[in-house]
Structures are given as C-alpha cells and as structure tokens.
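Here is the naming used below: chain letters follow the sequence lines, and residue numbers restart at 1 for every chain.
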Number of protein chains: 2
Amino acid sequence: MNSNSSSSPKVPIPTLERLATYLRFLIDLEAAQVETISSTDVEKQTGINAAQFRKDLSYFGEFGKPGVGYNVLELQARIARILKIDQLQPIMVIGAGNLGSALIGYPGLTEHKFHIAAAFDRDPAKIGRPQGDLVILNEADVREVNAEIGARIAIICVPAAAAQEVADTAILAGVRVILNFAPIILKVPERIVVRNVSFLQELAVLSYHLSGESQK
Amino acid sequence: MNSNSSSSPKVPIPTLERLATYLRFLIDLEAAQVETISSTDVEKQTGINAAQFRKDLSYFGEFGKPGVGYNVLELQARIARILKIDQLQPIMVIGAGNLGSALIGYPGLTEHKFHIAAAFDRDPAKIGRPQGDLVILNEADVREVNAEIGARIAIICVPAAAAQEVADTAILAGVRVILNFAPIILKVPERIVVRNVSFLQELAVLSYHLSGESQK
DNA sequence: TGGAACCTGTGATGAAATTCACAATCGCTT
DNA sequence: AAGCGATTGTGAATTTCATCACAGGTTCCA
Ligand SMILES: NC(=O)c1ccc[n+]([C@@H]2O[C@H](COP(=O)([O-])OP(=O)(O)OC[C@H]3O[C@@H](n4cnc5c(N)ncnc54)[C@H](O)[C@@H]3O)[C@@H](O)[C@H]2O)c1
Ligand SMILES: NC(=O)c1ccc[n+]([C@@H]2O[C@H](COP(=O)([O-])OP(=O)(O)OC[C@H]3O[C@@H](n4cnc5c(N)ncnc54)[C@H](O)[C@@H]3O)[C@@H](O)[C@H]2O)c1
C-alpha cells in the first residue's frame with residue numbers, strides 16, 4: 001500500500017526520518033560554531049548509532065573525509081538538498097483551529113525552509129481573520145488559490161469528520177503529499193503520500209510503558 | 001539509546017503503536033453500532049494487514065472467536081486495559097504556549113481516558129490564567145503539585161532551550177515517561193521512556209517524496 | 001449429523017532495518 | 001616519506017518486523 005513511487009535505490013523510510021534529525025542537529029552545531037563532526041560524535045550527542053549515521057548518508061553519496069569527519073555546513077546543505085528544503089517549500093494548512101493556529105505561528109518551520117503559503121478554514125467567523133502573517137482563506141477557494149501558490153504539501157488540521165473531504169479537495173488542487181493530524185485513515189490514490197501524526201498513539205505507547213508496579 | 005527497559009515478552013513497538021489505532025477504530029465502530037468485526041474487515045477499513053492485526057493481539061492473549069471475529073466492546077476494553085487507559089490516566093503539560101494550549105483544549109484526549117491534570121508555565125503573564133478547565137500553574141511548583149496529582153506522564157511543550165531542564169524537573173517530580181515536542185534529544189536516565197514528536201521530521205519525509213519532476 | 005463458509009492464532013518464511021567489522025583513506029608527526 | 005591514530009563507506013551478519021499459510025475452531029443450514 002505504500003509510496004515508493006520513483007527513486008531507484010530505495011531509501012528506507014527510517015533513514016529519511018533520521019535525516020531530518022541530523023539536519024536539526026547540524027543547525028544547532030552551526031550555531032555553536034562547530035565546523036567538523038565525526039560519526040562517533042554524532043552517536044555521543046544524539047544516541048544514534050555511528051554506523052547507522054554513516055549508512056544513512058551512504059544512500060546519497062559520500063559526504064565525509066576519512067580520518068576527519070564531516071564538514072558541518074556542507075553536510076547541512078546537502079541534507080537540505082536531499083530533503084528538498086534547500087529553498088522555500090510552500091505548504092497549505094487546512095483547518096485554522098487550535099492546532100492549525102499553533103502551526104501557522106511556528107517559527108521552526110521557517111528555519112527549515114518550510115513556508116506556510118496559505119491557511120484555509122470553513123468557519124465564516126475565521127475566514128478573513130489575520131493570523132500571523134496570513135489571512136485565513138475560505139476553504140472553498142483551495143483550488144483557485146493553489147493555482148497561484150503551487151503548494152504540493154498540505155497539512156490537515158480539521159476534525160476527523162471533515163478530513164477525507166478536505167484531503168480530496170487538496171489533491172484536486174495539486175497537492176502531492178499530506179500531513180494528517182485528524183485521527184482517521186485517509187483513502188488516497190496510490191501516488192499520494194500521507195503521513196499521520198497521532199498524539200494519542202504516542203501517548204498510548206508511553207502509557208503502556210508505565211510498567212507493572214504502578215506505585216513506587 | 002532506547003527504551004525497552006523492562007517488560008519480558010517483548011512486544012514490538014510498532015505493535016503498540018497500532019494498538020492505539022485499533023482502539024480509535026473500535027471507538028468509531030462502537031459509535032456506528034457495529035458489534036462484531038473480523039480481521040479481514042479491519043484490513044479493508046484501515047489498510048492494516050489482517051494477519052498483522054491478529055498477531056498484534058496475540059502478544060496479549062486470545063481475543064476473538066474463530067468463524068465469528070472480535071466483539072467490538074470487549075476488544076476495546078481489553079486494548080484499553082493493555083495500554084493502561086482503562087481508567088483516567090493523569091498527565092502534566094509543561095509549557096502552555098501555542099502547542100500546549102492546543103493540547104489542553106483537545107477533547108480527543110479525554111475520549112481516550114487521558115486527563116490533563118495540570119499545566120505549568122514559567123511566564124508570569126500566563127501563570128494563574130484559566131485555560132479550558134485548568135488554571136496555568138507555576139513551573140516552579142511542578143514537584144509539589146505532582147505529589148498530589150501523581151502524573152507519571154509529562155508532555156513537554158516548551159522551547160528547545162528549556163526542554164532538558166523541565167524534563168529533569170518532571171522526572172524528579174515522579175514522571176516516568178515523556179512526550180517531547182521540543183526539537184532536541186533529551187538526556188534521561190535509562191528507566192525513563194521518551195518519545196519525540198517532530199512535525200519537521202514528518203514534513204521532511206514528505207518533502208523528500210516530492211519526486212524529481214518538480215513542476216507539472 | 002455432516003459439510004460448507006468463515007475465522008482465529010501461530011509457526012514458518014520472507015523482507016527490512018540495524019549493527020558489526022574491516023579495508024581503504026586522510027592528516028599529522030617524526 | 002613512512003608510520004600511526006582517527007575515521008569513513010560498505011558488504012556481511014544479525015536482529016527486528018511483516019506476511020504467508022494452514023491447522024484447528026465456530027456457526028449455520030440442510
Ligand atoms: N488540538 C490538539 O491538540 C490535537 C491533537 C491531536 C490531534 N488533533 C486533531 O487535529 C484536528 C484539529 O484539531 P483542533 O484542536 O485544531 O480542532 P479545532 O476544532 O480547534 O479546529 C478545527 C478547525 O477546522 C475547521 N474546519 C472544519 N471543517 C472544515 C472544512 N471542511 N474545511 C476547512 N476547515 C474546516 C473548523 O472551522 C476549525 O477552525 C482534529 O482532527 C483533531 O482530532 C488535535
Ligand atoms: N507550535 C507548533 O506548531 C510546534 C510544532 C512543532 C514543535 N513545536 C515545539 O513545541 C515547543 C513549544 O512550541 P510553542 O509553539 O507552543 O511555543 P510557545 O513559545 O508558544 O510556548 C512555549 C511556552 O513555554 C513556556 N516556557 C518557557 N520556558 C519554560 C520553562 N522553563 N518552564 C515552563 N514553561 C516555560 C513559555 O512561557 C511559553 O508559554 C517548542 O519546543 C517548539 O519547537 C511547536
């Protein structure tokens with residue numbers, strides 16, 4: 001049921017997930033004026049196995065120098081390139097409620113070259129309201145607006161009952177990948193990639209780990 | 001770097017994650033007044049492989065009846081029990097900014113028997129302010145307050161720079177597992193389980209999938 | 001009562017991801 | 001210019017996870 005549409009050498013999804021972690025880490029290293037880092041340093045500071053780090057990178061070429069390590073700035077740039085966030089990546093947010101608003105105001109996105117180009121809602125009370133740098137637009141105009149901004153990423157922050165519908169709309173408007181916060185499994189065409197974020201799922205796993213001896 | 005501190009029969013983490021999905025699904029089925037469901041139905045409606053579903057459950061005993069399937073209510077109850085959310089599970093939220101506020105107001109938590117018992121912040125402008133059913137408390141009082149409420153789960157919604165510090169505080173206050181939203185890798189004792197939620201990571205994976213031929 | 005349709009639980013098998021382990025390379029020191 | 005410690009990149013080994021496939025239950029109906 002999955003998504004490896006194009007690329008040839010089949011990069012593991014967990015590798016991609018870690019890539020984002022590395023990028024974050026490298027940005028912090030840059031801020032700390034570290035110029036070079038070795039895979040063992042990475043392991044010490046992030047807990048990610050050194051060989052794992054090297055292998056992850058090896059899917060995309062050679063990045064380091066034996067005996068020395070990796071140049072922080074260069075590696076940062078190359079990872080950004082791989083993830084296609086070396087230049088601003090436009091995103092649309094659908095649903096400007098509690099969660100959508102938090103995202104719209106989140107500066108971390110910009111730091112990683114994600115740019116919320118438009119936010120939509122269906123509630124007349126919200127449409128037209130300024131929110132951060134944006135004005136909330138009418139969800140009915142998704143298609144028309146996206147013809148201009150060309151977002152291929154949509155973030156869905158509407159209630160579960162509306163999620164499938166707005167996903168369909170977004171796809172019609174040219175969106176190719178979706179980050180879904182609604183607790184529902186979206187049905188989408190093969191070519192569309194969806195990732196779900198579920199706080200409940202995370203909490204459930206944690207709760208499970210509250211092992212046997214409840215009070216101590 | 002990881003978390004499988006205790007349990008004996010070694011349940012795969014992905015299984016635990018799916019358990020929460022099943023629970024959500026079963027709640028929706030209950031609302032739709034479905035009484036019984038088979039693993040093949042689950043596959044049809046969620047996309048999760050039927051054998052996977054059965055195997056996931058098999059780690060915890062036998063739940064179904066051959067030829068019939070699973071009783072929705074019973075399975076729901078048993079999964080909730082496994083995940084320790086069969087009765088209200090108290091949680092503390094630290095950081096009542098954009099994200100923390102969204103969580104505090106999120107009704108989905110209650111539906112899954114998670115209960116935000118207290119929310120803390122350090123900003124004097126926020127302390128004392130009502131928020132949903134709660135009043136924001138002073139972060140300096142985490143320990144004292146938790147002696148009363150006994151939360152073992154903490155959700156960290158403070159800026160990265162403060163995250164390690166509040167994690168330490170939470171652990172001192174008796175917290176055993178942490179859901180961390182700050183983009184930083186927390187250093188915690190072995191026995192503490194941490195899960196990180198990173199929107200940036202999710203977006204990065206999606207962005208990667210915007211394959212080759214950029215404009216169409 | 002017997003047989004067909006339908007399901008579960010699980011050992012066996014296969015696929016994917018992680019980790020190991022080592023030859024090859026680099027820069028420094030003498 | 002040769003030797004050494006550090007570090008990379010990557011096949012091979014290992015571990016973890018997903019799927020297959022089937023022996024047994026269960027129900028229904030004739
Ligand atoms: N708030 C949280 O902490 C949280 C946590 C996890 C998951 N979620 C999920 O995220 C989603 C949004 O949560 P929230 O708390 O922001 O809810 P919310 O009710 O605050 O916001 C939902 C917004 O979507 C808008 N909306 C409804 N139908 C729409 C449509 N068809 N088109 C466009 N906009 C539409 C509403 O007007 C509202 O502004 C929900 O599915 C929720 O389950 C929220
Ligand atoms: N907003 C988002 O959409 C989003 C998305 C992903 C990740 N995050 C991460 O979540 C965290 C919170 O994000 P946010 O948008 O809510 O930020 P925010 O600035 O709106 O809120 C942070 C809150 O933490 C409080 N705080 C700071 N130091 C504290 C301390 N020591 N103890 C207690 N409270 C303290 C601040 O007073 C503030 O109220 C950040 O780490 C951010 O990177 C946010």
Extract all donor-acceptor atom pairs below 3.5 Å that involve side chains of residues 104-118 of chain B and protein atoms in other chains or at least two apart in sequence.
from: B/E111; atom 1: OE2; to: B/R24; atom 2: NH2; distance (Å): 3.2
from: B/H112; atom 1: NE2; to: B/R24; atom 2: NH1; distance (Å): 3.3

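Position along DNA chain C of the nearest nucleotide to A/Q52 versus B/G69 favours B/G69 as the more 5'-ward residue. With DNA chain C read from its 5' end, the first of the two nearest nucleotides for B/T40 and B/S58 is the one closest to B/T40.
The CD atom of A/E43 sits 15 Å away from the C1' atom of D/dT8 (whole-angstrom rounding). Protein atom CD1 of B/I48 is 10 Å distant from nucleotide atom P of D/dT19, rounded to whole Å. Across the protein-nucleic acid pair, B/I13 atom CD1 and D/dC17 atom C1' stand 12 Å apart, rounded to whole Å. The distance between atom CZ of B/R54 and atom P of D/dC22, rounded to the nearest whole Å, is 13 Å. The distance from atom CZ of A/F63 to atom P of D/dT8 is 13 Å, rounded to the nearest whole Å.
Judged purely by distance below 3.5 Å, without hydrogens or angles, the side chains of B/Q45 and B/D41 never pair a donor atom with an acceptor atom. B/D56 and B/T15 form a side-chain donor-acceptor contact under 3.5 Å, judged by distance and modelled atom types alone.
Shown for residues 70-83 of chain B: no residue has heavy atoms falling under 4.0 angstrom of DNA chain D. Within residues 25-38 of chain A, no residue is approached by DNA chain C to less than 4.0 Å at the level of any non-hydrogen atom. Contacts between residues 14-23 of chain A and DNA chain C, defined by a heavy-atom separation under 4.0 Å, are made by A/P14, A/R18.
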Spell out protein contact along nucleotides 23-30 of chain D as letters: B when the base is contacted, S when just the sugar-phosphate is, - when no protein heavy atom is under 4.0 Å; keep the 5' to 3' order.
-> -BBBS---
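Here A/F53 and A/F25 keep their ring centres 6.0 angstrom or further from each other. The six-membered or imidazole ring of B/Y22 lies away from that of B/Y70, with a centre-to-centre distance of 6.0 Å or more.
For the pair B/R78 and B/F63, the distance from NZ or CZ to the six-membered ring centre is under 6.0 Å and the angle to the ring normal is within 45 degrees.
In this model, the phosphate group of D/dC17 is not approached by any side-chain N or O of B/N49 to a distance below 4.0 Å at OP1 or OP2.
Heavy-atom contacts of chain B under 4.0 Å fall on DNA chain C between two terminal nucleotides, which in 5' to 3' order are C/dC6 to C/dA12.
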